[in-house]
Participant: 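My questions all concern the structure below.
Note that these values count all heavy atoms, side chains included, but never hydrogens, waters or copies made by symmetry.
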Amino acid sequence: MDDLLKKIAEIKEMIISAINASKDENDIRAVKENLLSKKSEFSALGRYFRELSVEERIEFGQALNVAKEDIANRLSEKEKALLEALAEKKLKKERLDVTLPGYRYEDGGINPLLEVQDEILSIFVSMGYEVYEGPDIESDYYNFERMNIPFDHPAREMQDSFYLDKTTLMRSHTSPAQARMMDMKKGEPFRVVCPGKCFRRDDDDAMHSHQFMQIEGLVIDRGISLADLKGTLELFLKKLFGEKREIRLRGSYFPFTEPSVEVDISCAECGGKGCSICKNTGFIEVLGAGMVHPNVLKMGGYDPNVYSGFAFGVGLDRIAMLKYGISDIRDLYTNDHRFVKQFKKGRF
């Protein structure tokens with residue numbers, strides 16, 4: 001009996017020594033597989049029960065249970081210690097150095113196109129105008145026919161661009177929104193400005209882009225004259241560019257207005273005296289306008305003998321370039337942070 005008790009103690013010490021010598025989870029796994037499995041020498045001690053008397057079995061069982069409990073406790077302590085050591089090692093490896101400077105996130109700026117659009121819309125809203133944005137994808141009917149540009153009209157040549165099918169295209173100007181507004185008003189007087197993107201086949205260079213932005217305005221009422229148009233545009237342009245600026249109207253042609261005019265503003269660089277920027281004319285062209293053509297009024301449900309109106313179209317890209325001294329139209333669309341961050345007012 002003494003030999004069996006000694007054998008239990010020797011095996012227990014061997015197992016505990018192996019546990020104490022374990023350096024990682026692989027060593028612990030080896031101890032469990034080699035020294036504590038069902039086929040291990042420790043598990044085999046149970047076969048001696050059948051060779052012992054009743055009194056010896058009690059003593060042998062108690063010694064074996066104590067050994068099992070000591071091994072289990074030491075195994076649990078070792079596994080806990082190894083996990084804590086592993087966590088400490090991982091923590092040291094992944095810790096954050098709070099003494100390092102953090103990342104600095106800089107605000108950008110509003111695109112000058114949107115800055116100018118907001119400013120222009122604010123001016124016209126203060127004058128009692130509604131704002132209406134039509135769809136970017138338009139029908140040929142609204143984009144051309146309602147603007148007095150039938151299928152065989154030569155004015156289509158410069159605007160027949162991005163068709164999605166035979167009767168649908170990316171709108172080439174914001175004028176279709178005005179025609180839609182006429183349909184919604186159903187013969188009632190109104191004032192509206194229509195901002196949005198436009199698309200035309202064009203060269204992509206410093207002054208041209210296949211995509212650009214416009215704001216067009218339309219006023220329809222009884223007794224509207226060219227004098228109303230000139231007064232409105234003069235007030236608008238002076239609010240936008242400054243009270244010292246002068247405007248002039250030059251005769252022109254647009255299919256949807258009659259008479260039609262080009263509107264120029266005095267050059268800010270030379271004060272109207274003439275320089276390289278204004279090509280020595282003293283003025284810079286900024287928009288086109290005119291009195292609404294009778295055919296356009298009729299198609300919109302208005303009697304041209306009773307109602308008249310004026311319309312104008314402003315290229316936001318051109319206005320932004322003039323207002324902020326931008327020399328390349330492509331800067332407005334590249335989303336370059338170095339460029340955009342210069343415009344930190346407005347919505348920011």
Participant: For the CE atom of Met182 and the CG atom of Leu297, what is their distance to the nearest 0.5 Å?
Facilitator: 5.5 Å

Participant: Going through the checks in order, is the ring pair (Phe, Tyr, Trp, His ring centres under 6.0 Å) test met by Tyr132 and Phe190?
Facilitator: CA-CA 12 Å; Tyr132 173 68; Phe190 67 91; 10.0 Å; no

Participant: For the backbone of Pro255 and the side chain of Asn148, can you confirm whether one donor and one acceptor N or O come within less than 3.5 Å of each other?
Facilitator: yes

Participant: If you apply the rule side-chain contact (heavy atoms from CB on, under 4.5 Å), what do you find for Asp228 with Phe310, and how did you get there?
Facilitator: CA-CA 8 Å; Asp228 297 312; Phe310 64 76; 4.0 Å; yes

Participant: Could you walk me through whether Glu119 and Lys323 pass the salt bridge (charged side-chain N to carboxylate O under 4.0 Å, His left out) check?
Facilitator: CA-CA 12 Å; Glu119 188 174 358; Lys323 190 172 179 65; 3.6 Å; yes

Participant: Between Gln178 and Gly217, is there a donor-acceptor pair closer than 3.5 Å when you use the side chain of the first and the backbone of the second?
Facilitator: yes

Participant: Heavy atoms, side chains only, cut-off 4.5 Å: are Phe241 and Ile265 in contact?
Facilitator: yes

Participant: Do Tyr129 and Phe236 have ring centroids that are under 6.0 Å from one another?
Facilitator: no

Participant: Hey, are Ser266 and Glu246 close enough side-chain-wise for a donor-acceptor pair under 3.5 Å?
Facilitator: no

Participant: Between Asp24 and Asp27 (side chain of the first, backbone of the second, donor and acceptor by atom type, cut-off under 3.5 Å), is there such a pair?
Facilitator: yes

Participant: Let me confirm one number: the CG-OG1 distance from Leu218 to Thr257, rounded to the nearest 0.5 Å.
Facilitator: 11.0 Å

Participant: Using 0.5 Å steps for rounding, measure from the OG atom of Ser175 to the CZ atom of Phe256.
Facilitator: 4.5 Å

Participant: To check you understand the geometry: which heavy-atom pair defines the closest contact between Ala320 and Leu113, and what is its length?
Facilitator: CB-CD2, 4.3 Å

Participant: Can any side-chain N or O of Ser122 pair as donor or acceptor with the backbone N or O of Asp118 at less than 3.5 Å?
Facilitator: no

Participant: Which atom pair, heavy atoms only, marks the closest approach of Gly274 to Cys270?
Facilitator: N-SG, 3.0 Å

Participant: Using a 4.5 Å cut-off on heavy atoms from C-beta on, say whether the side chain of Met170 contacts that of Ile137.
Facilitator: yes

Participant: Above 12 or not: heavy atoms from other molecules or residues under 6.0 Å from CG of Asn335?
Facilitator: no

Participant: Measure the shortest side-chain to side-chain distance between Thr174 and Ile215 over non-hydrogen atoms and say whether it is less than 4.5 angstrom.
Facilitator: no

Participant: Does a side-chain N-to-carboxylate-O contact under 4.0 Å join Glu77 and Lys80?
Facilitator: no

Participant: Can you tell me how far OG of Ser260 sits from CG of Leu226, rounded to the nearest 0.5 angstrom?
Facilitator: 10.0 Å

Participant: Has Glu41 got more than 12 heavy atoms of other residues, nucleotides or ligands less than 6.0 Å from its CD?
Facilitator: no

Participant: Would you indicate whether Lys78, at its atom NZ, is surrounded by more than 12 heavy atoms from other residues, nucleotides or ligands within a distance under 6.0 Å?
Facilitator: yes

Participant: Is any NZ, NE, NH1 or NH2 atom of the basic residue among Glu285 and Arg318 found under 4.0 Å from an Asp or Glu carboxylate oxygen of the other?
Facilitator: no

Participant: Can you tell me if Asp264 uses its side chain to pair, donor with acceptor, with the backbone of Arg250 under 3.5 Å?
Facilitator: no

Participant: Ignoring hydrogens and angles, tell me if any N or O in the side chain of Ser126 forms a donor-acceptor pair with the backbone of Ile123 under 3.5 Å.
Facilitator: yes

Participant: Check the pair Asp183 / Tyr142 against side chain to side chain donor-acceptor pair (under 3.5 Å), numbers first and verdict last.
Facilitator: CA-CA 11 Å; Asp183 289 350; Tyr142 277 106; 2.6 Å; yes

Participant: I'd like to check Leu316 versus Ile120 (side-chain heavy atoms, cut-off strictly below 4.5 Å). Are they in contact?
Facilitator: yes

Participant: Drop me the distance from Tyr307's OH to Ile224's CD1, to the nearest 0.5 angstrom.
Facilitator: 11.5 Å

Participant: Using modelled atom types only, decide if a donor and an acceptor are shared between the side chain of Asp165 and the backbone of Thr168 within a distance under 3.5 Å.
Facilitator: yes

Participant: Could you check whether any side-chain heavy atom of Arg200 comes within less than 4.5 Å of a side-chain heavy atom of His173, counting everything from C-beta outward?
Facilitator: yes

Participant: Donor-acceptor pair, Arg171 side chain versus Ala177 backbone, under 3.5 Å?
Facilitator: no

Participant: Applying side-chain contact (heavy atoms from CB on, under 4.5 Å), run through Ser209 and Asp317 and close with a yes or a no.
Facilitator: CA-CA 10 Å; Ser209 174; Asp317 309 71; 5.8 Å; no

Participant: Salt bridge or not for Arg146 and Glu138, using N-O below 4.0 Å?
Facilitator: no

Participant: Under 3.5 Å, is there a donor-acceptor pair between the side chain of Glu133 and the main chain of Gly196?
Facilitator: no

Participant: With side chains defined as the heavy atoms from C-beta onward, is the minimum distance between Phe124 and Thr232 less than 4.5 Å?
Facilitator: yes

Participant: Keeping Asn111 on the side-chain end and Leu332 on the backbone end, is there a donor-acceptor pair under 3.5 Å?
Facilitator: yes

Participant: Answer whether the closest heavy-atom distance between the side chains of Asp140 and Tyr163 falls below 4.5 Å.
Facilitator: yes

Participant: Minimum heavy-atom separation for Tyr333 to Met213, with atom names?
Facilitator: OH-N, 3.8 Å

Participant: Quick one: are Cys194 and Arg180 in side-chain contact, heavy atoms under 4.5 Å?
Facilitator: no

Participant: How many angstroms lie between CD1 in Ile71 and CD1 in Ile15, if you round to the nearest 0.5 Å?
Facilitator: 4.0 Å

